Amino acid sequence: MKALVYQGVETLEFTEVPDVVPRPEEHLIKVEAVGICGSDMHAYLGHDPRRPAPLILGHEAAGSIVGGHLDGQRVAVNPLVSCGACQACVAGRENLCPDRQIISMAPREGAFAQYISMPLRNLVNVPASVPLGKAALVEPLAVSWHTARLALEALHPSMDQEALVIGGGAIGLAAALALKAMGLEAVTVIENDAARRAFLTDKCGQNAVAQTDRSYPIVVDAVGFGATRALASALVQPGGVIGHVGLGDESPGFDVRRATLQEITFVGTYTYTAADFRDTAEAIFDGRLGPLDWTETRPLADGAEAFADLRAGKVAAPKIILNPWA
């Protein structure tokens, strides 16, 4: 089969690799749409020691089951494989399973390929009316759905239902959409890039700004650099909540003193639970997250160019979807 293989820093090769052999009790999935995630970009730049070359990256996938009694069933793929038996899994917090695996990290190759193998419990059926390119958005949107849910659960009921999202990429945009779907009417997105800010405003219907001096009850950092943590610390209201989902770097920035003196809650969020994944899928399928028409689709064979364009800041769309069969 064909796959896009990470071979080293800023080096990707579209090449022939061995066919996938499904693991016991797993299904072969024909990947028909797979998104480029920020974590894929971190690996591409050599910033993720968990993803050493050579490796097939990609974990935002949708496709169809091949073989067996479910042959042809269209599915969105939850890439997080947990043990199902530990305390975290039993409590419905599968994302905290100590034995969790995720495709695109050893020992599981990723979805920038024509086929992958996954357990049935990691697959969500996709209605015939939903394009698989849109179904591939379940994974990144579930990340933000999880963040939005935890931030809202942590917010004191006396505070206004209003939020600021730092970063207008796919995770930031998805956080804004999730917050609105959960009942918030006023959500502002900070995005420094003028082209992306215009895209968010004109194409995605978001209140996107270059900067703001206002403070907010909820601030979501969807970038995760020291500078954005500092900005979140400065703009969250006393008694408010910071939802931190970005993994840009490990630089300092979070203002621990202000958080202590003003009882600011900091919620670190990682991926999503299985329930969050299913809830996000349903919100996509029933239209609560909007038309989701802000992606750009390219052939997987052109994946190296897509990464280079993202690296160079040439892509206004928040998400590039790759098609392994184009």
Side-chain angles (χ1 to χ4, degrees), residues 31-44 48 51 57-63 75-80 95 102-105 110-112 116 122 124 126 130-150 165-182 189 191 196 199-200 203-204 206 220-224 243-248 269-285 288-298 303 306-307 310 315-323:
V31 179
E32 298 178 64
V34 54
I36 298 177
C37 176
S39 62
D40 296 319
M41 181 58 66
H42 294 159
Y44 170 74
D48 190 347
R51 292 179 166 96
L57 301 172
H59 57 271
E60 303 177 355
V75 294
V77 176
N78 179 343
L80 192 69
N95 58 321
I102 188 168
I103 60 174
S104 79
M105 285 189 206
F112 289 154
I116 56 174
N122 283 70
V124 174
V126 177
V130 177
L132 288 174
K134 185 178 292 188
L137 294 174
V138 174
E139 198 282 337
L141 268 64
V143 171
S144 298
W145 185 278
H146 181 67
T147 301
R149 178 176 65 80
L150 292 183
V165 177
I166 301 173
I171 297 300
L173 173 56
L177 294 173
L179 287 163
K180 289 182 178 178
M182 294 177 186
V189 180
E191 172 55 52
R196 178 161 286 180
F199 190 96
L200 290 168
K203 183 69 174 177
C204 306
Q206 298 300 309
V220 173
D221 183 353
V223 182
H244 192 272
V245 62
L247 285 172
T269 68
Y270 175 71
T271 63
Y272 34 75
T273 66
D276 285 324
F277 192 91
R278 293 190 298 270
D279 290 345
T280 303
E282 289 302 318
I284 289 175
F285 301 160
R288 276 178 287 152
L289 293 175
L292 302 179
D293 55 356
W294 34 261
T295 63
E296 176 183 329
T297 300
R298 302 188 187 186
F307 270 80
L310 287 166
V315 182
K319 177 68 62 178
I320 291 180
I321 303 291
L322 300 176
N323 181 349

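Predicted, not measured: the structure shown is a model, and the values here were computed from it.
Expressed to the nearest 0.5 Å, how far CG of Leu322 lies from CZ of Arg298 amounts to 8.5 Å. Note that CD1 of Ile284 is 11.5 Å distant from CG of Asp279, once rounded to the nearest 0.5 Å. Going from atom CG of Leu292 over to atom CG of Leu177 covers 6.5 Å, rounded to the nearest 0.5 Å. With rounding to the nearest 0.5 angstrom, the OG atom of Ser144 is 11.0 Å from the OH atom of Tyr272. Rounding to the nearest 0.5 angstrom, the gap separating the OG1 atom in Thr269 from the CD1 atom in Ile171 is 9.0 Å. Remark: Glu296 CD to Leu310 CG distance equals 8.5 Å, nearest 0.5 Å.
Using the six-membered ring where Trp is involved, Tyr44 and Phe307 have ring planes that are tilted, between 30° and 60° apart.
Distance alone, capped at 3.5 Å, places no donor-acceptor pair between the Lys180 side chain and the Arg288 backbone. Glu139 contributes no side-chain N or O that, together with a main-chain N or O of Leu137, makes up a donor-acceptor pair within less than 3.5 Å.
Taking both residues in full, the closest heavy atoms of Gly169 and Arg196 are given as CA-NH1, 3.5 Å, listed atom of the first, atom of the second, then distance. In terms of heavy atoms, Val34 sits closest to His59 at CG2-N, 4.4 Å. Nearest heavy-atom pair across Arg149 and Asp276 is NE-OD1, 2.8 Å. Nearest heavy-atom pair, Val138 versus Ala76, reported as atom, atom and distance to 0.1 Å: CG2-CB, 4.1 Å. Minimum interatomic distance between Leu173 and Pro318 (heavy atoms only, all atoms of both residues): CD2-CG, 3.8 Å. Here the closest non-hydrogen pair linking Ala222 and Gly167 is CB-O, 4.4 Å.
A search for side chain to side chain donor-acceptor pair (under 3.5 Å) contacts involving Ser39 returns nothing, not counting sequence neighbours. Partners of Asn122 by side-chain contact (heavy atoms from CB on, under 4.5 Å), not counting sequence neighbours, listed by chain and number: Asn78, Val81, Met118, Pro119. Contacts of His244 classified as ring pair (Phe, Tyr, Trp, His ring centres under 6.0 Å), with partners at least two apart in sequence or in another chain: Phe266.
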Checking Ile116 against Val77 for the side-chain contact (heavy atoms from CB on, under 4.5 Å) test, could you report, in this order, the C-alpha distance in whole Å, the side-chain angles of both residues, the deciding distance, and whether it holds? CA-CA 10 Å; Ile116 56 174; Val77 176; 4.2 Å; yes
Working for side-chain contact (heavy atoms from CB on, under 4.5 Å), residues Leu289 and Trp145: CA-CA 10 Å; Leu289 293 175; Trp145 185 278; 4.2 Å; yes
Hey, mind stepping through Asp293 and Lys203 against side-chain contact (heavy atoms from CB on, under 4.5 Å) and telling me if it holds? CA-CA 8 Å; Asp293 55 356; Lys203 183 69 174 177; 3.9 Å; yes
Between Leu179 and Val165, is the side-chain contact (heavy atoms from CB on, under 4.5 Å) condition met? List the steps. CA-CA 10 Å; Leu179 287 163; Val165 177; 4.2 Å; yes
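Put simply, the side chain of Val245 reaches to within 4.5 Å of the side chain of Val220, judged on heavy atoms. Taking the side chain as every heavy atom from C-beta outward, Ile320 and Val315 approach each other to under 4.5 Å.
Heavy-atom contacts from other residues, nucleotides or ligands closer than 6.0 Å to CD1 of Ile102 number more than 12.
Classification of Glu60 and Lys319 as a salt-bridged pair holds, one side-chain N sitting under 4.0 Å from a carboxylate O.
Under the 3.5 Å distance criterion, with hydrogens and angles disregarded, no donor-acceptor pair is assigned to the side chains of Asp48 and His42.
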